[in-house]
Amino acid sequence: MRVYGVELPSRLLLGTALYPSPAIMADAIRASEAAVVTVSLRREGAQADDGAGAGQRFWGLVRDLGVRVLPNTAGCHSVKEAVLTAHMAREVFGTPWIKLEVIGEDDTLQPDVFGLVEAARILTQDGFQVFPYTTEDLVVAGRLLDAGCEVLMPWGAPIGSGRGLNNPYALRSMRAHFPDVPLIVDAGIGLPSHAAAAMEMGYDAVLLNTAVARAGDPVAMARAMARAVEAGRLAYEADPIEPRDMAAPSTPVIGAAVFT
Amino acid sequence: MAGTRPRILVIGAGVTGLVTATVLAERGAEVSVIHRADPATRASHFAGGMLAPWCEAADASAALMGPGAEAIDWWAGHFTETRRQGSLLVAARRDLGELNRFARRTTHYRICGAPDIAALEPDLAGRFEQGLFFAAEAHLDPRAALATLATGLERRGVAIRAGEATERDHDGFNHVIDCRGHAAAPALPDLRGVRGEMMLLRCPGVALHRPVRLLHPRIPLYVVPRGNDCYMVGATMIESADRRAVTARSAMEMLNAAYALHPAFGEAEILETGSNIRPAFPDNMPLLRQEGNVLHLNGMYRHGFLLSPAFARRAAVIVLGEDTTQPGEAA
């Protein structure tokens, strides 16, 4: 897939939070063959008083993997906070890419779509390439594209919930409505079958973190997710059959020999 | 025979340094300790003091279980106020799924319903429907435990001296063991800092008898009784070596956890807030590494009190050889 002019070799994007250890995180990222990893600036401790970034050794572990980095504004609740975090992230990670999160509600971590559109406009004008974490709302999606976003990342379900695709109908509509925009299901994936389902719908990629990081064996789950994403994409490209109500025998019955 | 005793310099007087010095001195080595005078520079000064190998294993590694069980006995033998009261894990109703996940990943617990929780901690009666009780776990007051170790070392004639160790200080020693934690990061390129923040509360309105953990999807938050109505609440885990004071966000999270455990914590007096840097290697497990003439023991991460005894014993094997004395015979 291509996003902001960059060809990505894989359709899986993986988060770097919540792993039992950085060593397991690194193994899981390698096993996932993810094209992109998201990193949260807060955890990186970029605001250290020594000016060098107190989280640089953790960041060094991520950088050594040679995977493209997508910094995020996780945990930001206001436009101002998100814009400030994005600017700090650009400085620390040296990329114009930013996964924009503006959280509007604490129990569901639902995006504040009004703040999201405003922050996306500001950041695009500042030269950022914005990956907005949004809902499946088509009007909001249109506004984000108007604001300059070239990719949309609707949620599957609330962050960390592992519930899969809560609203497949709306996700299908979104895919149909924006056939040429790169769409990434971000958040809510719990199982490989959820990731495969998103890909079968024609989504361009899947972004997940908790499902891998908090699995009993994160490396094995990373491998499972990679295969599911690949399987789902292959199935989409293979043009699946339509479901039907009645059986359609796969071998002809008329003229079959009758043994009595 | 004093001339034949190996002379060993231990750098650092956090939990790793003092436990290592104690283990070496008990095996007959002539030990000196050099350290920074200010206890607030040490990560162990802000530790929870939970000896909770089975709770910790759920989110870290099963490799903690063996050395952790060993640590409980070691501390009970060296610090009489080590409390073997177990630890209790509870979850808010919305996080009960997390409790199942936790239980699948560990051992040595029994599942508690509301009546069991009330029997263990009467003040938590009616507040939680389900929990896990780890009966074999223990806890201690880290500052008191370290003071006791230091006193014990001095009684054995171990010189404990304040100051920064220079190369010249290494002269005359057969071995130098560097236990400085994150301060040794310049010599250990793969050592990183993981910031932790804690609070000390005084709350006569609540009586808890053992560490209580509140399951949380992101960080394990816990309240550890310290006696005299005091409780330690901890601890955040932030991938950063930032040494600044506790942030408002972290303070809110920790106080929220205490308040969720019992609303009476809302009336608690905040005696202290603290932050420091846990030293960690990429797999979050400690290691012993020889660099030139210095043996590094570092990377205790969250588990200084839990892993120091086992790793100090391994350090002693490296510098003194296998321990050939019979159990109970040690000096």
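Quantities reported herein were computed from a predicted structural model and do not represent experimental measurements.
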Fill in: Options A/Pro22, A/Ala23, A/Gly216, ranked by heavy-atom pairs under 4.5 Å with chain B, top entry
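Highest number of heavy-atom pairs under 4.5 Å: A/Pro22.
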Checking heavy atoms, do the side chain of [X], its backbone, both or neither come under 4.5 Å from chain A?
{"X": "B/Arg195", "result": "neither"}
{"X": "B/Ala280", "result": "neither"}
{"X": "B/Leu191", "result": "both"}

Heavy-atom donor-acceptor pair, [X] side chain to [Y] backbone, under 3.5 Å:
{"X": "B/Thr41", "Y": "B/Asp38", "result": "yes"}
{"X": "A/Asp137", "Y": "A/Val140", "result": "yes"}
{"X": "B/Arg101", "Y": "A/Arg214", "result": "yes"}
{"X": "A/His87", "Y": "A/Leu84", "result": "no"}

Discussion item. Is there a side chain to side chain donor-acceptor pair (under 3.5 Å) between B/Asn276 and B/His182? Walk through the geometry before answering.
Written reply: CA-CA 10 Å; B/Asn276 210 287; B/His182 189 254; over 6 Å; no
Practice prompt. Fit a plane to each ring of A/Trp97 and A/Tyr4, take the angle between them on a 0 to 90° scale, and name the class: parallel (under 30°), tilted (30 to 60°) or perpendicular (over 60°).
Written response: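 Taking A/Tyr4 first and then A/Trp97, their aromatic rings sit tilted (interplane angle of 30° to 60°).
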Discussion item. My understanding is that only residues two or more places apart in sequence, or in another chain, count here; which of them pass ring-ring contact (aromatic ring centres under 6.0 Å, His included) with A/Tyr19?
Written reply: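 Here no residue qualifies.
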Discussion item. Do A/Leu123 and A/Val83 make a side-chain contact, defined as non-hydrogen atoms from C-beta onward lying under 4.5 Å apart?
Written reply: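 Yes, side chains in contact.
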Worksheet item: Within residues 46-65 of chain B, which positions have a heavy-atom distance to chain A below 4.5 Å?
Response: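 Within residues 46-65 of chain B, the residues that come under 4.5 Å of chain A (heavy atoms only) are B/Asp59, B/Ala60.
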